Every structure is written in structure tokens, then in C-alpha cells.
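Below is one structure, written out as C-alpha cells; the observations come after it.
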Amino acid sequence: MRSKQKLAIFASGTGSNYDAIHEAIQTGELEAELVLLVCDRPQALVIKKAADNGLPVFVFNPRDYSTKADFEAEIVKQLKKAAVEWIILAGYMRLIGTVLLECFEGRIINIHPSLLPAFPGLDAIGQAFDAGVKVSGVTIHYVDAGMDTGQIIAQQAVAIKPNMTRPALQSAIQLVEHELYPRTIQQLLTQGE
Ligand code: GRF
């Protein structure tokens, strides 16, 4: 049997998707190994979560580098050292540049809190809420050089009920994210086996 595939999570914030993926690995729902957290915000909550789980963390401050290519080259070094096979973006608030895209072609995925191509970019939940749409949802997609433009892998709709508040919509979307992301990663890792 093939050994478990090695994942790195990239995150910039709270890390609720990080938690969901970690948990799914613990329960065996997701058969993979989490080997590294990459974080571009030294004060992000997700760092403590990963450290508490004993996961190696690479934290960097983009301002310490002159270009994106420079910090991505450092990230690639860390990823190679940890033998990472897949990059899982989970609230990583930066566009992925050429250096990472070329090294991990077809092996970087992202989760976005809307039904893409609707509401790409920042605050997708607020955008959907303000637009008054009746359905939004969650998309998991491959990452390319664009903003939330890569090929779609999975989507799940979330109904926006009458009188639903924005925080309630956010909770409903997060609930779906935390179930859909681990399940989709598991499908990706096992496809073709
Ligand atoms: C999620 O809503 C995800 O879809 C988006 O960023 C958010 C990250 O949340 N890309 P968390 O840090 O995983 O709680």
C-alpha cells in the first residue's frame, strides 16, 4: 500500500479549516499526513493551533523579503525539506505566484466561501449577503495564477433563508466547509487508486 500523502496547509487567520482537516486525519476520515503549516501572519491564531498539535510551522513576514518570488523560493525550500506533495490553501490571503505554481503544478487547492465564479475575492460571504442572492455556498478548486479562477473540483450550495443574518450565513457556510474540504481532499488523494 502507498504511504500516506503529505500535505502542507497554508493559512493566514483563525484556522477553522485547519482544525477540520486535522480532526479528519485524527479520525481516519482523511488518510493523509499533515507535515507543515505555512503562515504569512506572525500573529495568526492558526499558528498556536498547529503548534499545540505538534505540527511544524513555517511563519514568515512577507515584508522581510524584497519580492514574492523570494519568499516563495523560501517556502519551496521548506516544502521540499518536509517532502510535501499537496498544498492545501485554507484562508491563505495571498495570490500564489509563479515559483510555487511551477513547483506544485496541479497540486495546489483552495477553498472559497461562495459558488464560484460568483463572488470571488475578499469577503465573499458579505458580497453574497449584500447582493441578496437566495443561494450561495462553498467551492473547492485548483489554484492558478488568478484570483479564485482555477478549475472547480467540488461545490456545495447553502440556502440564504429569509431573515438570515450575516453571521448566521457565515456559520452555515463554515459548517459546509469543514465537512466538504476533508472529504474532497480524501477523494482527490484516492482517485485513480
Ligand atoms: C474560509 O471561509 C475559506 O473559505 C476562506 O477563508 C476562510 C478561512 O477561515 N478561503 P479559517 O481560517 O479556516 O477559519
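Because the structure is a prediction, the values reported are computed rather than measured. Order of listing sets the numbers, starting from 1, for every ligand and every atom in it. FYI, the numbering just counts along the sequence from 1.
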Practice task
Can you run down the salt bridge (Lys or Arg N to Asp or Glu O under 4.0 Å) pairs that involve residues 110-131, sequence neighbours left out, and say none if there aren't any?
Solution key: Asp123-Arg166
Handout entry: Identity and separation of the nearest protein heavy atom to atom 10 (N) of ligand 1
Key = Ile111 O, 2.9 Å
Problem - Under 3.5 Å donor-acceptor, Lys68 side chain and Arg94 backbone - result: no
Practice task
Examine Ser16 against ligand 1 and note whether any of their N/O atoms are separated by less than 3.5 Å.
Solution key: yes
Would you list the atom pairs, donor with acceptor, under 3.5 Å between side chains in residues 147-154 and any protein atom, with sequence neighbours excluded?
unit_1 : atom_1 : unit_2 : atom_2 : d
Asp148 : OD1    : Asn110 : ND2    : 3.4
Asp148 : OD2    : His112 : ND1    : 3.4
Asp148 : OD2    : Gly121 : N      : 2.8
Thr149 : OG1    : Asp144 : OD1    : 2.6
Thr149 : OG1    : Asp144 : OD2    : 3.4

Fill in the blank from the handout: Met164 and Ile160 have their tightest heavy-atom pair at SD-CA, 3.8 Å
Exercise for the section: Considering heavy atoms of the protein only, find what lies nearest to atom 9 (O) of ligand 1 and give residue, atom and distance to 0.1 Å. Expected result: Asn17 ND2, 3.9 Å
Handout entry: Proximity flag Ala11 to ligand 1, non-hydrogen atoms under 4.0 Å
Key = no
Problem - Gly13-ligand 1 polar pair, N/O distance under 3.5 Å - result: no
Completion exercise
Between the CD1 atom in Ile111 and the CG atom in Leu180, the distance rounded to the nearest 0.5 Å is 6.0 Å
Handout entry: Within-cut-off N or O pair, Tyr18 and ligand 1, under 3.5 Å
Key = no
Practice task
Please could you name the atoms of ligand 1 that Thr14 approaches to less than 4.0 Å, counting only its heavy atoms?
Solution key: 12 (O), 14 (O)
Problem - Gln174, any N or O under 3.5 Å of ligand 1 N or O - result: no
Practice task
Indicate if Phe60 and Ile9 have the same hydrophobic cluster label, given that clusters are the connected sets of ILVMFWY residues with side-chain heavy-atom separations under 4.5 angstrom.
Solution key: no
Problem - Sidechain N-carboxylate O distance under 4.0 Å for Glu33, Lys6 - result: yes
Exercise for the section: Around atom 1 (C) of ligand 1, find the nearest protein heavy atom and jot down its residue, atom name and distance. Expected result: Glu177 OE1, 3.3 Å
Problem - Top protein contact for atom 7 (C) of ligand 1, by heavy-atom distance - result: Gly91 CA, 4.2 Å
Exercise for the section: Give the residue and atom name of whichever protein heavy atom lies nearest to atom 12 (O) of ligand 1, and the separation in Å to one decimal. Expected result: Gly15 N, 2.8 Å
Exercise for the section: Following the transitive rule for hydrophobic clusters with a side-chain heavy-atom cut-off under 4.5 Å over Ile, Leu, Val, Met, Phe, Trp and Tyr, establish whether Ile108 and Tyr142 coincide in one cluster. Expected result: no
